[in-house]
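This report refers to the structure that appears directly beneath it.
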Amino acid sequence: MHILHISAECYPVAKVGGLADVVGALPKYQNRLGHQASVVMPYYKTPFLQRATTQVVFCHHLEMAGTTYFSEVMAVENDLGFLLYVIRIQDLTDREKVYGYDDDDKRFVAFQRVALEWARKLPQLPDIIHCHDHHTGFIPFMMSRTPDFEVLKMIPTVLSIHNAQYQGAFSHERLNLLPRFRESDIGLLDWYGQINPLAAAIKCAWRVNTVSPSYMQELQEKANGLEGLLRAEKQKCVGILNGIDTETWDPATDDYLVKNYTIRTRNAGRKANKEALCTEFGLDATKPLFGFVGRLVWEKGADILPEAIDQALKRFDVNIILLGSGSPEVENQLIALQQKYSGSYNAYIGYEERMSHQVYAGADFLLMPSRVEPCGLNQLYCLRYGCMPIVRRTGGLKDTVIDIGDDGFGICHDQTTVSDVVYSIERAVTHFKDLKKHKAIQKTMMEIDHSWENAADTYISLYQQLNT
Ligand code: ADP
Ligand code: GLC
């Protein structure tokens, strides 16, 4: 089966969060199952792409809102396990960041239009077009409703919702970004008075999935305004839990670690990684180490972290390390704590791939007090590395972490509140005193299989239902 993934991110080409990890792994595992999956994404000025060898395979002059943009699709040489294409649109995509520009709506509509211009001229049309998040949300609409892309009409489309908080909505005044369509179809694009690409994709895609079953259930009740739509489209929706790339995320081979280890050698391996991490951050490796890795945003519960860290460090003899960036206010609060708790707390404000691996390998516990967590990959990585997750029961966290009180391997709490997090830290401290038991649970954690093999096949079955 020929599968074309369309996405704004793909690891290691350009990564902001877990979307990149999924799009950088799922196609590889689908190919191993005997299919031909490829990825098309925008060209950004990322280190990976600036070093890459590329070959132009398609050129197009895109007419959009009265301006002509020169665009080209390039095949990128790589050893990622799938064919990779990037779309460079003059003045629009070739910038340093993936998101965060005032004209993001225009940039991503342009990307989607050029992707379809290229796809419709391919010698062999894809059997499935798999869209990821709102940046690719107009694709199912354009394929089924615009004369320009009539030839793609019969190709089934799948939308994966990685995060329904972000919908990419913009005003009707900017409708001229889209190619022409029948006026009567405007309702497919509109949601509560705005042009909403995520809503349009939920309406027009042949199938819709979220990245965990619990998140799909939760969206029926709370989906940042889309709950009614998701209830109405329920029959074509399903939750498929993400996998992880067990080759990139393998403590036995991970180049980012100070010392590699397996389940058998985990004691020595994790000790060396913890010591290196603590030396780097001026912490004490003899104390229980709690980590946080992630975007410092409301969904991740980042706003409660400064107060929770403050209270935990007042009460318990532990160390805390934080890696993340996001809300400037939260960043400043987290930086301010560094002086107060020098020697037992440190934070790196920024994005640093190496350090994230080192935290999973060196910390004893990982905090994830998320308000919204469609799947969450950090908890899956930390399990594989033998670090115990402390999670709020929501979305994918609920589906993947079982509390130690229920014979599980993590610590779960119900609310994103300071008191819930501090109480969980207290439970962790008590649990950690029984090192023998902790080490036995660590083995269980590391043995859990969350590799993509199964989930990649679940997606294939979904596509097959659409192709019969
Ligand atoms: P989300 O996609 O919502 O941010 P996920 O848990 O799915 O959350 O994925 C987050 C990914 O981004 C993981 O690979 C994690 O290691 C990585 N990550 C998040 N913040 C940072 C950071 N500051 N530095 C390095 N890696 C980070
Ligand atoms: C989103 C979600 C996260 C999920 C990731 C990959 O960024 O916030 O929970 O793990 O996508 O699907």
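Keep in mind it's a predicted model, so treat the numbers as computed, not measured. All ligand and atom numbering here is 1-based and tracks the order in the structure.
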Nearest candidate to atom 9 (O) of ligand 2, where distance is taken over non-hydrogen atoms, out of K300, E373, M368, H162: E373
Short N or O distance, G18 and ligand 2, threshold 3.5 Å exclusive: no
Heavy-atom nearest neighbour in the protein, as seen from atom 19 (C) of ligand 1, with distance rounded to 0.1 Å: G294 CA, 3.7 Å
Any side-chain donor near an acceptor of the partner, Y166 and E299, under 3.5 Å: yes
C375 heavy atom under 4.0 Å from ligand 1: no
Proximal atoms of ligand 2 relative to V22 (non-hydrogen, under 4.0 Å): 6 (C), 12 (O)
Structural part of Y360 in contact with ligand 1, heavy atom criterion under 4.0 angstrom: side chain
Proximal candidate to atom 13 (C) of ligand 1 [heavy atom criterion; set L377, N378, L380]: N378
Atom indices of ligand 2, in the order listed, that fall short of 4.0 Å to a heavy atom of N242: 6 (C), 10 (O), 12 (O)
Any N or O of G17 closer than 3.5 Å to N or O of ligand 1: no
Ligand 1 atoms in contact with G350 (distance to a heavy atom under 4.0 Å): 22 (C), 23 (N)
Protein contact to atom 4 (C) of ligand 2 [nearest heavy atom, distance to 0.1 Å]: G376 N, 3.6 Å
Under 3.5 Å: N/O of Y381 near N/O of ligand 1: no
Geometric class of the H135/F108 ring pair [parallel <30°, tilted 30-60°, perpendicular >60°]: tilted
Minimum side-chain heavy-atom gap L305-P369 below 4.5 Å: yes
Side-chain donor-acceptor contact under 3.5 Å, T458 with S461: no
Working for salt bridge (Lys or Arg N to Asp or Glu O under 4.0 Å), residues D420 and R392: CA-CA 9 Å; D420 269 30; R392 177 181 167 231; over 6 Å; no
Y11 side chain to E9 side chain, donor-acceptor N/O pair below 3.5 angstrom: no
Atom 27 (C) of ligand 1 - nearest protein heavy atom and its distance: Y351 CE1, 3.3 Å
Contact partition for V372 relative to ligand 2, non-hydrogen atoms under 4.0 Å: neither
Ligand 1 to G18 polar contact by distance, N or O atoms, under 3.5 Å: yes
Parallel, tilted or perpendicular: ring planes of H130 versus H132, cut at 30 and 60 degrees: parallel
Side-chain donor-acceptor contact under 3.5 Å, Y29 with D457: no
Heavy-atom nearest neighbour in the protein, as seen from atom 4 (O) of ligand 1, with distance rounded to 0.1 Å: R295 NE, 2.8 Å
Partner of Q30 by side-chain hydrogen bond (donor to acceptor under 3.5 Å, both in side chains), out of Q36, H5, H35: H5
Candidate pair K398 and E373, rule salt bridge (Lys or Arg N to Asp or Glu O under 4.0 Å), full reasoning: CA-CA 9 Å; K398 192 165 147 188; E373 198 61 85; over 6 Å; no
Intermediate values then yes/no, salt bridge (Lys or Arg N to Asp or Glu O under 4.0 Å), R95 and D103: CA-CA 12 Å; R95 303 185 193 168; D103 58 350; 2.7 Å; yes
Atoms of ligand 2, numbered as shown, that sit under 4.0 Å from any heavy atom of N163: 8 (O)
Heavy atom of A20, distance to ligand 1 below 4.0 Å: no
Distance-only donor-acceptor check, side chains Q379 and T400, under 3.5 Å: yes
Contact check, K300 vs ligand 1, heavy-atom distance below 4.0 Å: yes
Under-4.0 Å heavy-atom contact with ligand 2, by part of V211 that carries it: side chain
No-hydrogen, no-angle side-chain donor-acceptor test under 3.5 Å, N319 and S344: no
Atoms in ligand 1 with a heavy atom of G324 nearer than 4.0 Å: 23 (N)
Ligand 1 contacted by K15 (non-hydrogen, < 4.0 Å): yes
Exercise: do D21 and Y381 side chains pair donor with acceptor under 3.5 Å: yes
Contact check, side chains of V22 and W452, non-hydrogen atoms, under 4.5 Å: yes
Backbone or side-chain N or O of D21 under 3.5 Å from ligand 1 N or O: yes
Heteroatom distance test (W249, ligand 1): nitrogen or oxygen, under 3.5 angstrom: no
Heavy atom of Y348, distance to ligand 1 below 4.0 Å: no
Element-labelled atoms of ligand 1 that are located less than 4.0 Å from some non-hydrogen atom of E352: 24 (N), 25 (C)
